[in-house]
A.B. asks: 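Sharing a structure below in structure tokens format, with a few things to ask.
Numbers restart at 1 for each chain; the letters A, B, ... are given by sequence-line order, proteins then strands. Because only heavy atoms are used, hydrogens play no part in the values below, and waters and symmetry mates are left out as well, while side chains stay in.
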Amino acid sequence: MNAREIYDPDNRWRLRHPAEKAVFAGGMLLLSVAAPSGVVLGVVLATVTATTLLLAAVSWRKFAGGMAAPFGFLLVGAIPVLVASGVNPDTQEAEWRLDVAAAGHLVLRGLTATACLVSFATTTSLPEFLGLLRAIRCPEVLTEWMLLTYRFSQSLLLTVASAHLAQQLRLGLGSPRARVRAAGLLGANLLPRSFEKAKRLERGLECRGYDGQLRTLSPRRRVSWPVLGLVVAVQILLAAWAVAAGRGNL
Amino acid sequence: MHIMEGYLPVTHAVGWGIASGTILTYCVWSVGRSLRSRPQDKFLLAASSAYMFTLSALKLPSLTGSCSHPTGVGLGAVLFGWRPMVVSGFIVLLFQALLLAHGGLTTLGANLFAMGIAGAWVARGVYSLARTARLPFRVATFLAAALGDLATYVVTAAQLAWAFPDPAGGFVASFTKFLGVFAITQVPLAVAEGLLTVLVMNALMAY
Amino acid sequence: MSEPILEARNVEYAYPGGIVGLAGVTLAVDAGEKLALLGANGCGKTTLLLSLCGVLKPRSGEVRLSGRLVEYTRAGLRNLRQRVGTLLQDADDQLFAGSIYEDVSFGPLNLGCTEAETRQRVEQALAAMELTDLGDRPPYRLSGGQKKRTALAGVAAMKPAVILLDEPTANLDPHASTDLLALLDQMHGQGTTIVFSTHDVDLAYAWADRIAVLDGGRVSACGSPEEIFGDGQAVRGSGLRTPWVLDVVNALQPSALWPSELRPPRTPAALVKQLAAMRIENVR
Amino acid sequence: MSEPILEARNVEYAYPGGIVGLAGVTLAVDAGEKLALLGANGCGKTTLLLSLCGVLKPRSGEVRLSGRLVEYTRAGLRNLRQRVGTLLQDADDQLFAGSIYEDVSFGPLNLGCTEAETRQRVEQALAAMELTDLGDRPPYRLSGGQKKRTALAGVAAMKPAVILLDEPTANLDPHASTDLLALLDQMHGQGTTIVFSTHDVDLAYAWADRIAVLDGGRVSACGSPEEIFGDGQAVRGSGLRTPWVLDVVNALQPSALWPSELRPPRTPAALVKQLAAMRIENVR
């Protein structure tokens with residue numbers, strides 16, 4: 001757990017089965033990518049945002065934090081679409097114009113899809129997600145690799161935070177040049193440190209009977225079928241609406 | 001550099017998903033087999049994936065002052081070969097999406113292709129070429145990391161141009177536009193990543 | 001005399017690079033005792049613990065479990081780890097899973113327990129360590145004391161006959177360390193043998209049944225706390241001081257205020273209590 | 001009365017999420033003193049230290065350096081950190097360079113020292129911390145005590161007027177912690193002001209000139225060690241015990257063996273020495 005991770009440990013869905021959260025966010029994500037109409041996108045965006053903030057009680061700070069960074073990238077990425085060159089039908093000459101509709105739609109779609117992702121990320125911890133992957137029989141190589149990656153990245157992020165603080169205290173972040181030097185030192189020495197931690201963990205787990213496999217049992221949680229049914233029903237309705245709206249556009 | 005969630009049309013998302021998924025499946029199988037004979041590598045590989053993710057979660061200073069992140073794929077490709085880097089790239093991209101809402105799930109296939117697959121191939125290829133050309137180790141590492149990074153950026157621009165061709169100029173015009181928009185951050189970043197990779201290699205030699 | 005439960009005979013170990021870790025250690029651990037391995041940093045305490053649990057393979061000499069030679073095969077090590085649990089100094093080196101519950105389940109699953117059996121053991125261990133409410137938490141979000149208890153729960157769930165602990169109270173604040181010792185005492189009361197390494201003479205003196213002093217990769221002295229610190233000899237050689245409770249008693253003793261037949265207390269708290277109880281005024 | 005070198009006036013701080021870190025702390029550090037911030041975990045010690053060195057910006061209240069208000073601008077913070085060095089609790093994470101030498105050189109280079117000046121300062125600091133022979137080592141290959149000394153060398157090389165230390169002896173074995181305190185005493189002897197946080201009442205009692213007890217983000221008491229522990233009041237409120245040495249003295253005192261006009265010693269060693277010197281036999 002670190003400052004940048006957007007998972008909200010106090011969300012009201014933390015004890016829900018991850019499958020419910022995955023179906024909710026995943027279904028909405030598919031809808032937002034596939035829906036051709038801006039109105040449907042708007043409805044999906046509103047539904048996901050409201051559900052996450054009101055029902056799951058995710059702190060709006062976490063939610064907004066999750067939305068903020070991608071938003072900037074979304075805008076920058078839309079510039080090439082916004083600035084379209086076209087052929088003037090009267091003069092038959094190429095000219096520049098602003099394709100606000102296309103760019104706007106792209107930004108809205110990106111925003112809606114990002115809201116779905118943020119909804120899942122704020123309500124579901126990575127270990128829960130890994131439990132889900134194990135349940136659907138994802139290859140062990142991959143789940144174990146992810147588990148260890150998560151484990152190591154948690155401790156590396158703590159290390160980075162302390163080292164960063166120590167550098168700050170020793171005037172390391174004063175000038176741009178000092179900043180680059182400080183980041184270079186930290187970045188370069190983090191990998192050997194990470195390897196060191198890896199070796200120590202392997203030995204520590206050996207003491208606990210590690211023989212090449214990282215078996216664990218997740219805490220018991222039950223899927224609530226009524227909730228799952230409701231989620232799927234809403235999504236089917238939205239999909240039907242999207243199909244109807246899409247036909248109107250064609 | 002990633003394509004954000006929701007940016008790609010369905011057909012593109014599915015297409016890149018299948019392409020990258022196939023290569024990823026092969027790599028998981030292949031790395032899994034070699035891990036069976038060298039189980040201790042599991043921890044080291046995960047430690048380097050964690051390093052890649054950590055770097056990407058950091059705000060490193062770049063010349064333009066924007067928030068940016070090196071990929072670490074070049075470094076890993078030199079250390080471990082390209083196959084583990086495809087898996088590693090997948091994990092890092094997935095973590096970025098699920099932990100930081102950076103990148104995305106529907107764009108995961110496209111992003112993996114650009115970063116994990118193209119990036120690792122180019123990095124590994126450049127490294128091998130540079131070593132055959134008897135370039136010094138540090139130069140080879142620098143080139144591998146920097147060009148691997150550039151490859152990621154070029155492929156991403158191409159993916160976006162393909163998805164959003166210019167109404168008049170088509171793919172080529174759009175490709176140029178996307179290359180242009182991202183060049184400001186990505187070119188200096190590639191150089192920075194090359195330099196950082198050399199520093200890391202120095203630190204590793206001491207280790 | 002009954003068979004020692006765990007035993008090192010002439011164990012030698014050298015780290016890659018030739019640094020000697022153990023220079024011939026012979027030590028028997030009796031079932032049910034609390035044995036302290038006492039020594040300064042670098043004396044070989046950790047190396048000895050890692051040799052006793054099979055992580056390090058001695059260059060020469062043997063490790064015996066209930067009299068039988070430990071074999072460094074998969075089955076042999078599995079058998080050893082079923083009976084001997086180890087808690088390293090840094091709890092972070094032993095915690096890896098995404099939640100405390102998952103982490104504690106690791107050991108029992110490695111022993112080949114069924115799912116039902118594993119869940120039962122996990123819940124039992126979490127309850128014993130007062131962690132039940134934290135089961136869903138990721139281990140990284142815990143305090144130092146909670147991490148240590150989680151790691152101990154992971155060991156306890158394997159139901160070992162012997163627990164080896166490397167510097168159990170290092171890095172813990174006094175409150176957390178009192179808690180941990182109480183939990184260990186509880187396990188000890190249920191029959192678990194405890195071997196712990198420490199550089200803290202006060203802790204060894206207060207808490208061990210028997211102390212083995214390590215110095216330069218060798219056991220330089222071994223005996224009851226009274227024997228070890230009694231003549232001041234064993235301790236002086238190895239750079240360790242006397243527990244200060246004893247120092248105070250020794251300073252009082254020439255005055256006959258502290259009758260020499262009175263056994264010195266083990267902890268500062270007991271000393272203060274005894275001083276108060278003696279109503280020294282009467283002596284005057 | 002002379003100006004305090006560092007001062008907090010009504011400093012309040014709340015962490016994001018609204019958790020109160022400091023609820024109005026007023027505290028003056030006098031030049032040349034050794035001040036202990038004593039309190040249980042979570043009482044605000046670390047938050048106060050981080051506020052005093054400008055890492056945390058108070059929500060309200062002010063921090064003053066030699067009487068002048070600290071400004072949270074680049075220049076203001078630079079000026080503050082040039083005069084006030086800080087040693088964080090976890091030495092491991094404070095060392096980020098590839099070798100000890102490189103790490104220690106970080107601060108002086110940031111101060112804008114020339115290469116020659118930097119080298120001189122690094123070598124001086126390494127010599128003072130008895131690390132000269134280890135200059136080439138990567139930090140993760142060091143013992144806990146060596147790491148701590150390296151981090152201290154990194155601070156010392158910047159020649160600050162005040163050093164803030166967060167739990168300086170936590171995680172250190174008694175030997176390493178004695179070493180560290182001796183090195184700090186040496187710096188103190190050369191005029192450095194020392195402020196340290198600790199939850200160890202024995203350490204605060206033995207080593208501080210003055211103690212500020214922190215409780216719930218407030219300074220609940222402040223005074224000399226004798227004043228703080230004398231009446232037992234200040235301590236009882238904040239969940240801290242009395243130092244053992246005082247407990248023993250208090251237990252002896254009703255017997256008049258320990259004349260009440262005799263100042264109680266600060267350390268166990270001093271107590272033992274005094275008991276021996278008193279030749280209690282004569283009293284009898």
Side-chain angles (χ1 to χ4, degrees), chain A residues 1-3 5 7-11 13-18 124-134 143-159 161 196-221, chain C residues 49-50 52-56 74-75 77-82 84-116 118-119 121-123 126 135-142 151 154-155 157-158 160 164 166:
Chain A
M1 201 67 41
N2 62 82
E5 191 172 319
Y7 172 65
D8 180 358
D10 300 323
N11 82 81
W13 285 357
R14 68 184 177 279
L15 296 181
R16 290 218 161 272
H17 196 285
T124 317
S125 70
L126 197 89
E128 277 180 80
F129 175 74
L130 285 180
L132 203 58
L133 286 187
R134 278 193 294 262
T143 52
E144 289 187 354
W145 193 329
M146 284 188 206
L147 175 61
L148 290 175
T149 301
Y150 186 63
R151 162 71 178 73
F152 292 136
S153 62
Q154 292 300 320
S155 66
L156 283 182
L157 283 164
L158 283 179
T159 301
E196 182 80 10
K197 281 187 203 288
K199 275 202 287 192
R200 294 175 59 136
L201 183 68
E202 190 174 12
R203 169 178 284 183
L205 293 186
E206 236 177 87
C207 292
R208 296 176 60 191
Y210 171 67
D211 56 5
Q213 265 188 311
L214 295 167
R215 314 172 198 83
T216 55
L217 274 182
S218 304
R220 263 181 293 217
R221 270 179 212 169
Chain C
L49 287 179
L50 292 177
L52 287 175
C53 70
V55 168
L56 299 181
R74 203 180 175 121
L77 288 175
R78 190 182 159 123
N79 181 41
L80 177 65
R81 295 200 177 122
Q82 198 156 5
V84 179
T86 310
L87 200 66
L88 298 181
Q89 182 176 349
D90 191 347
D92 274 327
D93 291 341
Q94 291 191 289
L95 303 177
F96 72 102
S99 70
I100 294 184
Y101 190 103
E102 284 169 46
D103 205 288
V104 175
S105 73
F106 177 70
L109 289 173
N110 284 334
L111 293 179
C113 293
T114 61
E115 186 182 324
T118 302
R119 288 198 186 277
R121 284 184 178 213
V122 171
E123 278 147 30
L126 288 179
D136 283 308
R137 288 265 195 105
Y140 339 102
R141 294 229 305 165
L142 301 176
V155 170
M158 296 175 77
L164 312 177
D166 195 9

A.B. asks: With a 3.5 Å distance limit and no angle check, can you tell me whether Q89(C) reaches the backbone of D166(C) through a side-chain donor-acceptor pair?
C.D. replies: no

A.B. asks: Given heavy-atom pairs under 4.5 angstrom as the criterion, report whether the side chain, backbone, both or neither of L15(A) touches chain C.
C.D. replies: side chain

A.B. asks: Only pairs of heavy atoms separated by less than 4.5 Å count here; which of L77(C), D93(C), L87(C), T118(C) has the most with chain A?
C.D. replies: D93(C)

A.B. asks: Do S218(A) and R134(A) have side chains that get closer than 4.5 Å, going by heavy atoms?
C.D. replies: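 Side chain of S218(A) against side chain of R134(A), heavy atoms only: contact under 4.5 Å found.
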
A.B. asks: Would you tell me whether Y101(C) and R119(C) have side-chain atoms, one donor and one acceptor, within less than 3.5 Å of each other?
C.D. replies: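 Per modelled atom types, Y101(C) and R119(C) side chains form a pair under 3.5 Å.
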
A.B. asks: Pick one of side chain, backbone, both or neither for E128(A), based on which atoms fall under 4.5 Å of a heavy atom in chain C.
C.D. replies: neither

A.B. asks: Less than 4.5 Å apart, any side-chain heavy atom of Y150(A) and any of P127(A)?
C.D. replies: yes

A.B. asks: Could you tell me which portion of L126(C) (side chain, backbone, both or neither) has an atom closer than 4.5 angstrom to a non-hydrogen atom of chain A?
C.D. replies: neither

A.B. asks: Tell me, side chain or backbone of E123(C) under 4.5 Å from chain A's heavy atoms, or both, or neither?
C.D. replies: side chain

A.B. asks: With a 4.5 angstrom heavy-atom cut-off, could you sort out which part of L109(C) is near chain A: side chain, backbone, both or neither?
C.D. replies: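 Looking at L109(C), backbone and side chain both touch chain A.
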
A.B. asks: Could you tell me if N110(C) and R215(A) have a donor-acceptor pair between their side chains, going purely by distance under 3.5 Å?
C.D. replies: yes

A.B. asks: Could you look at Y210(A) and say if it's the side chain, the backbone, both or neither that has a heavy atom under 4.5 Å from chain C?
C.D. replies: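 When you check distances to chain C, atoms from both the backbone and side chain of Y210(A) fall under 4.5 Å.
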
A.B. asks: Just give me the residue among T86(C), V122(C), V84(C) that pairs up with chain A most often, heavy atom to heavy atom, under 4.5 Å.
C.D. replies: T86(C)

A.B. asks: Heavy-atom distance under 4.5 Å to chain A: side chain of V104(C), backbone, both or neither?
C.D. replies: backbone

A.B. asks: Using non-hydrogen atoms and a 4.5 Å limit, figure out which bit of R74(C) sits close to chain A: side chain, backbone, both or neither.
C.D. replies: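 R74(C) touches chain A through side-chain heavy atoms alone.
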
A.B. asks: Assess the residue pair D136(C) and R221(A) against the criterion (salt bridge (Lys or Arg N to Asp or Glu O under 4.0 Å)); give the C-alpha distance rounded to whole Å, side-chain angles, the decisive distance to 0.1 Å, and a yes or no.
C.D. replies: CA-CA 11 Å; D136(C) 283 308; R221(A) 270 179 212 169; 3.1 Å; yes

A.B. asks: Can you tell which part of D92(C) gets under 4.5 Å to a heavy atom of chain A, answering side chain, backbone, both or neither?
C.D. replies: both

A.B. asks: Donor-acceptor pair, distance only, cut-off 3.5 Å: does the side chain of R151(A) make one with the backbone of L95(C)?
C.D. replies: yes

A.B. asks: Which bit of L50(C) is near chain A, if near means a heavy-atom gap under 4.5 Å: side chain, backbone, both or neither?
C.D. replies: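 Only the side chain of L50(C) comes within 4.5 Å of chain A.
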
A.B. asks: Where on R220(A) is there a heavy atom nearer than 4.5 Å to chain C: the side chain, the backbone, both, or neither?
C.D. replies: both

A.B. asks: So, T216(A) side chain and E102(C) main chain: donor-acceptor pair closer than 3.5 Å or not?
C.D. replies: no

A.B. asks: State whether D103(C) and R208(A) are salt-bridged, where the test is any N-O pair (Lys NZ or Arg NE/NH1/NH2 against Asp/Glu carboxylate O) under 4.0 Å.
C.D. replies: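 Salt bridge between D103(C) and R208(A), a charged N being under 4.0 Å from a carboxylate O: yes.
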
